[in-house]
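One structure is given here, and the rest of the page talks about it.
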Amino acid sequence: MSKSRLDPKRFSKILVGVDDSPDAQLAFRFAMNRAKQDNAELDIVSILEQDDINVYQALNKNYIRDKRNDLEKHLQGYRKIAEEFGIRKVETYTAEGDAGETIVKDVIPHVEPDLLVIGSSSRSGVARYFGSQASYMAKYSPVSVLVIR
């Protein structure tokens, strides 16, 4: 077998999904390390999940706007950490909906990463009880998925 066939795969664009769960924090650290190692772009996404919002909050436009603004500020903290770590190109994205489905159907086609890094469990939404977000993304993602535990 030739040496070139044994070289590890390098990624040029890594997408990492973050929330405040311990697994997502591990996924973020892994993604930073891999992005630095591969000199790759790091794209960070967080989803405003509708399961976390009750009907009264959903009808309040200020509530949704404030939640979205808080999420964007939180992502800027992740961006700062990644840039201080030495990653040259860092982008952040927010979206709304079911995390797994939104990342697979909306975020990945828009961002076009070649690797998705996610934590194995979520901190919010009904899916935290079933672990279905990570399994959904692993099953339906059009790109390689690395699930961190």
Side-chain angles (χ1 to χ4, degrees), residues 1-53 63-149:
M1 189 175 278
S2 70
K3 183 179 179 183
S4 64
R5 298 184 97 190
L6 296 176
D7 288 340
K9 179 174 173 113
R10 293 204 174 276
F11 297 100
S12 61
K13 199 169 196 183
I14 299 171
L15 175 64
V16 61
V18 296
D19 59 25
D20 289 331
S21 70
D23 286 350
Q25 300 299 308
L26 288 172
F28 176 66
R29 289 197 301 268
F30 178 88
M32 280 196 315
N33 280 314
R34 187 63 196 240
K36 190 169 184 180
Q37 174 185 333
D38 290 0
N39 196 26
E41 176 179 329
L42 181 63
D43 296 295
I44 308 166
V45 65
S46 193
I47 306 297
L48 180 59
E49 294 186 70
Q50 295 162 346
D51 289 345
D52 293 343
I53 301 170
Y63 180 83
I64 300 295
R65 185 195 67 229
D66 291 346
K67 290 291 278 185
R68 193 177 300 121
N69 288 340
D70 289 346
L71 192 58
E72 289 173 4
K73 285 179 188 173
H74 198 61
L75 282 176
Q76 292 311 310
Y78 282 104
R79 174 197 288 267
K80 184 178 179 192
I81 291 167
E83 289 173 342
E84 288 174 355
F85 188 67
I87 299 168
R88 294 182 197 174
K89 186 164 185 194
V90 181
E91 298 291 335
T92 60
Y93 301 91
T94 61
E96 294 178 33
D98 173 75
E101 190 172 332
T102 301
I103 288 173
V104 169
K105 293 181 178 178
D106 299 333
V107 178
I108 289 174
H110 175 74
V111 175
E112 299 180 332
D114 45 14
L115 176 65
L116 170 63
V117 180
I118 53 172
S120 65
S121 62
S122 174
R123 66 157 176 81
S124 60
V126 176
R128 71 178 170 253
Y129 301 113
F130 303 112
S132 64
Q133 298 297 333
S135 62
Y136 179 91
M137 289 183 268
K139 183 174 182 178
Y140 295 106
S141 173
V143 300
S144 296
V145 177
L146 181 60
V147 180
I148 301 294
R149 180 181 303 264

Going by atom types alone, do T92 and Q76 pair a side-chain donor with an acceptor below 3.5 Å? yes

Evaluate side-chain contact (heavy atoms from CB on, under 4.5 Å) for L115 paired with V143, printing each intermediate quantity in order. CA-CA 6 Å; L115 176 65; V143 300; over 6 Å; no

Are the side chains of E72 and N69 in contact, using a 4.5 Å heavy-atom criterion? yes

In the structure I gave you, are the side-chain heavy atoms of D20 and H74 within less than 4.5 Å of one another anywhere? yes

Can you tell me which residue among I118, I47, D98 is in a side-chain contact (heavy atoms from CB on, under 4.5 Å) with Q133? D98

Where the side chain of Q25 meets the backbone of V18, is there a donor-acceptor pair that is under 3.5 Å apart? no

The single option from K67, R68, R65 that satisfies salt bridge (charged side-chain N to carboxylate O under 4.0 Å, His left out) with E96 is R68

I need the minimum non-hydrogen distance between V145 and M137, along with the two atoms involved. CG2-O, 3.7 Å

If I compare all heavy atoms of A24 with all of G17, which pair ends up nearest, and what's the gap? CB-O, 4.2 Å

Nearest atoms (heavy-atom pairs only) where A31 meets L42: CB-CD1, 3.8 Å

Which heavy atom in F85 sits nearest to a heavy atom in M32, and how many Å separate them? CE2-O, 3.7 Å

Of all the heavy-atom pairs spanning I108 and P113, show the shortest one and how long it is. O-CD, 3.5 Å

Closest non-hydrogen atom pair between R34 and R10, with its separation: NH2-CA, 4.2 Å

Which of these passes side-chain contact (heavy atoms from CB on, under 4.5 Å) with F28: D23, N33, V117, I81? I81

Are any non-hydrogen side-chain atoms of T94 and L48 less than 4.5 angstrom apart? no

Should the ring pair Y136 and Y140 be called parallel, tilted or perpendicular, given that the plane angle runs from 0 to 90° and is split at 30 and 60? tilted

Distance from I14 atom CD1 to D114 atom CG, nearest 0.5 Å? 7.0 Å

Could you go through the side-chain contact (heavy atoms from CB on, under 4.5 Å) check for E41 and R88 one step at a time? CA-CA 7 Å; E41 176 179 329; R88 294 182 197 174; over 6 Å; no

